[in-house]
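Worksheet for the structure shown next.
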Amino acid sequence: MLVALAANLVIAAAKAVGGFAAGSPALLSEAAHSVADSMNEVFLLAALRRSSRPADRRHPFGYGKERFFWSLLAAVGIFVMGGCFSFFQGVEALHTGTQEKLGGYVAGLVVLGVAFLAEGASLLRALHQVRRQGGASAGLRDPALRTVVAEDGTAVLGVTLAAIGMVLHMVTGQVVWEACASLAIGVLLVYVAYRLGREARDQLIGEAADPEATSRIRSLLRAQPEIDSVEALFTMKTGLDSALVAARVDLVPGLDSERVEEVAVRIKRSIARTVPEARQIFLDVTDRPAQEAAESPAATGERGGA
């Protein structure tokens, strides 16, 4: 990632120099885009390092949510540094116009061509990593990898839009084409920032575990002969590969305290084996009144184990 960060900084500098030399709003928008990507890679490096710290007394559930926090900052960076600046460049170009400098535009297009190759290669590497981690459904669960894929994809599309705008400006002499390209880049970046920010927000405020994992846990609990009913099941992601599981269950009548403890330990181990990401598991045994217990499915023979 350090190599990608250095490459992004070099590309951003080249775009900025070319943009100022040619007076190209589209190229300057892409320079801001590359600066935002560079800042985001710094955020992602911080996320990877800080989220791997082990749990301690102050953070007993670990630091897994650091990834979600830094991904949220990355989304803000894309919105402010990329989207807003691109909108500004597009509106400014429409308002004041710009002078066409053919030599500067040719150099700018060369810079965009190099950037397209570099960003395209980075996107292909990111997509290969997604495939290695189990495809889109599994690989894109990682907020860091999801942000990299989004950044590289928008970078390739942004470079393409900027090049189209510059070529049409050169051919027609109308700055409106570049202005439209800058505005389109701004819309693209704002949309990506919104999607990334919404996903990071959901994970930060306590998103439930995957529905498939929750369903497996519920089925496992219901299959236990000592459990009469599952009153409630709560799950929450505490990191990329970790989740908290809390279940409120009603046991069949007649179990003594020692037997309840043995059952609880066995069930927790079964959940941990079935759903490896369940790192913290809590079972709460409800205490039903005697009349309700007598009318329970296990006591009436409606469910096996009575």
Side-chain angles (χ1 to χ4, degrees), residues 7-41 74-124 126 146-198:
N8 256 338
L9 290 173
V10 171
I11 291 172
K15 288 177 179 177
V17 171
F20 282 116
S24 168
L27 196 50
L28 289 174
S29 295
E30 270 303 294
H33 185 179
S34 293
V35 171
D37 285 351
S38 300
M39 290 181 58
N40 294 339
E41 286 178 1
V76 173
I78 292 174
F79 177 81
V80 176
M81 292 294 298
C84 292
F85 186 80
S86 296
F87 278 124
F88 170 77
Q89 286 295 317
V91 172
E92 185 73 9
L94 288 175
H95 184 258
T96 63
T98 185
Q99 296 296 321
E100 182 178 345
K101 301 177 182 178
L102 186 59
Y105 269 51
V106 171
L109 289 173
V110 171
V111 170
L112 288 179
V114 174
F116 181 86
L117 294 176
E119 301 289 3
S122 180
L123 177 61
L124 290 176
R146 186 170 61 239
T147 301
V148 169
V149 171
E151 282 183 357
D152 291 341
T154 55
V156 170
L157 187 52
V159 166
T160 302
L161 290 171
I164 292 173
M166 291 178 68
V167 169
L168 290 175
H169 184 187
M170 292 174 64
V171 172
T172 65
Q174 300 294 321
V175 72
V176 66
W177 294 109
E178 271 202 87
C180 289
S182 293
L183 293 174
I185 292 170
V187 170
L188 175 66
L189 294 177
V190 167
Y191 173 73
V192 170
Y194 166 74
R195 289 295 302 271
L196 292 175
R198 186 180 65 177

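When all heavy atoms are compared, the tightest approach of Val175 to Ala93 is CG1-O, 3.9 Å. Heavy-atom minimum distance, Ala155 versus Glu30: O-OE1, 4.1 Å. Between Gly153 and Leu123, the closest heavy-atom pair is N-CD1, 3.8 Å. For Gly197 against Ala75, the heavy-atom pair with the smallest separation is N-CB, 3.5 Å. The shortest heavy-atom contact between Ala16 and Ala31 is N-CB, 3.6 Å.
When atom types are taken as modelled, the side chain of Ser34 and the backbone of Ile11 share no donor-acceptor pair closer than 3.5 angstrom.
Of the inter-residue distances, the one linking Leu109 atom CG with Ser24 atom OG reads 8.5 Å to the nearest 0.5 angstrom. Glu119 CD to His33 NE2: the interatomic distance, rounded to the nearest 0.5 Å, is 7.0 Å. Taking OG of Ser182 as the reference point, atom CG of Leu94 lies at 9.0 Å (rounded to 0.5 Å). Atom CE of residue Met166 and atom CD1 of residue Ile164 lie 12.5 Å apart, to the nearest 0.5 angstrom. Rounding to the nearest 0.5 angstrom, the gap separating the CG atom in Leu28 from the CZ atom in Phe85 is 5.5 Å.
Residues passing the side chain to side chain donor-acceptor pair (under 3.5 Å) test with Ser86: none are found, sequence neighbours excluded. By the side-chain contact (heavy atoms from CB on, under 4.5 Å) test, Val111 pairs with Ala14, Lys15, sequence neighbours left out. Qualifying side chain to side chain donor-acceptor pair (under 3.5 Å) partners for Thr154, counting only residues two or more places apart in sequence or in other chains: none.
Evaluated for a side-chain contact (heavy atoms from CB on, under 4.5 Å) with Val192, the options Val190, Leu189, Leu196 yield exactly one hit, Leu196. Checking each of Leu117, Leu27, Leu112, Val114 against Val159 for a side-chain contact (heavy atoms from CB on, under 4.5 Å) leaves exactly one that passes, namely Leu112.
By the 4.5 Å heavy-atom criterion applied to side chains, Leu183 and Phe87 are counted as neighbours. In this structure the side chain of Glu92 never reaches within 4.5 angstrom of the side chain of Gln89, judged on heavy atoms.
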